[in-house]
Amino acid sequence: MNILDHLKKKNFKRFTLFFVVAFVFLIFSKLSNDYKQTIKLKVNLVNVDDEILLKKDSTNYIQAYVEAKGFSLMPFMFNNSKELEVDAKSEVTLKSQNFVFDVLKHKYLIESQLGSAYEVISIMPDTLLIAYSKRASKTVPVRFKKAINYAVGYDLKGEFSFNIDSVKVVGSLEEVDKIDSVTTEALVLNDIKSDIKHIVRLDISDYDHIDVFPKSLEVTGNVTRFTEGIIEVPIVITNQPENITINYFPKAVTLSYYVDLENYDAIKALDFKVECDYAELEENQTFLIPKVVKKPDFIKHVNIKQKQIDFIEL
């Protein structure tokens, strides 16, 4: 009895295996045949100008009647649609309120995006109209917002660099007219002692229904070691009347400044100019105010030790 059961089970497994193999061969045989099927191609416009707003329209489809092997048509068994990318700059005609896509003229585009496994027999419609509306736009400068604390003995050398200096704002005419510039989100960094390179998003949270292009910028900055320098610079009196002679003291002031180590030894007194403007004197004032009117671009935090210059008229 056990032997008989064993043989029955063995025969059943063989039959099952044979059935599965036969079924697989049948499926492969069927899928190797040619079939015809209609595929829906949803037209997706790319490279569209920022101010163009495409209207959501269920009619933006092309019906492509194709012939292909069953294997190639399998992806469309449960979803018979595919996206077709169309370049708005070169493959459509722009008319009032519509993009016009000549479907028959661009049959090659459909064939190339479907692939060589599909033979396009016919396509409908001949021409497709894609509706759009146009929003107002203008280009405005970008303002960088930051809160950066450098480590002791470090600072930014030169200025920050940006990959863009302006952006396009797009929206209703009323909203766009209000915008003169766009500010970035704050870049907050602490204890910085190495070069800065960050992507910072633009902040349009104060505006409703406004888009900005691009939506972020890259900021870079060279951070290096800095040290304090001290130098004595003579004072120049400007706008002094010809009929007035004065004697002033001191004749020179001491400047302190912050400079990167690379340029420390290159600093000379001639790189600075300190002036006292006689025309800024108020009534009964007996001192002049020194101001730094010239300094090297690469130095920072210039400070004059002497805040007042005493003088007397002779």
Side-chain angles (χ1 to χ4, degrees), residues 15-137 167-172 199 201 204 209-216:
F15 173 77
T16 303
L17 178 62
F18 173 79
F19 178 79
V20 169
V21 170
F23 181 75
V24 169
F25 272 104
L26 177 64
I27 294 298
F28 270 86
S29 175
K30 291 293 184 181
L31 292 177
S32 299
N33 294 332
D34 290 329
Y35 296 92
K36 295 182 177 66
Q37 182 175 325
T38 299
I39 298 175
K40 291 175 66 176
L41 300 174
K42 186 181 187 309
V43 175
N44 178 32
L45 282 183
V46 296
N47 204 15
V48 181
D49 288 339
D50 299 325
E51 56 267 37
I52 295 294
L53 186 64
L54 297 175
K55 295 182 179 179
K56 293 182 180 179
D57 195 333
S58 59
T59 63
N60 291 348
Y61 283 89
I62 295 170
Q63 304 283 346
Y65 188 52
V66 302
E67 182 175 1
K69 300 292 184 184
F71 289 107
S72 300
L73 294 173
M74 279 187 68
F76 300 100
M77 288 181 62
F78 304 103
N79 182 9
N80 72 329
S81 64
K82 178 180 173 64
E83 196 170 86
L84 177 71
E85 286 196 352
V86 176
D87 193 320
K89 299 292 186 186
S90 60
E91 293 164 348
V92 296
T93 303
L94 185 63
K95 291 190 176 180
S96 178
Q97 306 301 316
N98 288 288
F99 287 105
V100 181
F101 180 49
D102 189 329
V103 180
L104 290 180
K105 180 181 176 181
H106 292 87
K107 182 181 176 182
Y108 71 91
L109 185 67
I110 298 170
E111 291 173 335
S112 64
Q113 292 194 29
L114 279 176
S116 58
Y118 301 86
E119 180 186 352
V120 178
I121 300 172
S122 63
I123 45 178
M124 293 180 59
D126 296 345
T127 303
L128 188 67
L129 300 180
I130 303 171
Y132 73 90
S133 59
K134 194 168 186 178
R135 299 176 292 176
S137 68
V167 293
K168 182 189 287 187
V169 291
V170 178
S172 68
I199 301 296
R201 290 186 61 82
I204 54 171
H209 311 301
I210 286 290
D211 283 329
V212 59
F213 303 94
K215 300 184 184 302
S216 62

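Throughout, numbering of the chain's residues begins at 1 and tracks the sequence.
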Novice: Roughly how far, to the nearest 0.5 Å, is CG of Asp102 from CG of Leu109?
Specialist: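 It is 11.5 Å, given to the nearest 0.5 Å.
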Novice: Which residues pass the salt bridge (Lys or Arg N to Asp or Glu O under 4.0 Å) test with Asp50, not counting sequence neighbours?
Specialist: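 Counting only residues at least two positions away or on another chain, Asp50 forms a salt bridge (Lys or Arg N to Asp or Glu O under 4.0 Å) with Lys168.
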Novice: If you compare all heavy atoms of Ala136 against all heavy atoms of Ser172, which two are closest, and at what distance to 0.1 Å?
Specialist: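 Closest heavy-atom pair between Ala136 and Ser172: CB-C, 4.1 Å.
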Novice: State the OG1-NZ distance between Thr93 and Lys105, to the nearest 0.5 angstrom.
Specialist: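 Between Thr93 OG1 and Lys105 NZ, I get 6.5 Å after rounding to 0.5 Å.
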Novice: Distance-only check: which donor-acceptor pairs under 3.5 Å involve side-chain atoms of residues 119-132, not counting sequence neighbours?
Specialist:
unit_1	atom_1	unit_2	atom_2	d
Tyr132	OH	Lys95	O	2.9

Novice: Val48 and Ala88: which non-hydrogen atoms are nearest, and at how many Å?
Specialist: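 Closest pair (atom of Val48, atom of Ala88, distance): CG2-CB, 3.8 Å.
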Novice: Once rounded to the nearest 0.5 Å, what's the spacing between atom CG of Asn44 and atom CG of Leu54?
Specialist: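 Atom-to-atom, Asn44:CG and Leu54:CG are 8.5 Å apart.
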Novice: Is it true that, when you exclude Lys107 itself, more than 12 heavy atoms of the residues, nucleotides or ligands shown sit nearer than 6.0 Å to its NZ?
Specialist: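 More than 12 within 6.0 Å, yes.
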Novice: Taking atom OH of Tyr65 and atom CD1 of Ile39, what is their separation to the nearest 0.5 Å?
Specialist: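 Separation between the atoms: 11.5 Å.
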Novice: Does Asp87 have any side-chain contact (heavy atoms from CB on, under 4.5 Å) partners at least two apart in sequence or in another chain, and if so, which?
Specialist: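 If we apply the side-chain contact (heavy atoms from CB on, under 4.5 Å) test to Asp87, skipping adjacent residues, the hits are Asn47, Lys89, Ser90, Glu91.
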Novice: Any chance you could measure Ile110, atom CD1, to Leu41, atom CG, to the nearest 0.5 Å?
Specialist: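 Going from the CD1 atom of Ile110 to the CG atom of Leu41 covers 6.0 Å.
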Novice: To the nearest 0.5 Å, how far apart are CZ in Arg135 and CG in Leu53?
Specialist: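 The CZ atom of Arg135 sits 5.0 Å away from the CG atom of Leu53.
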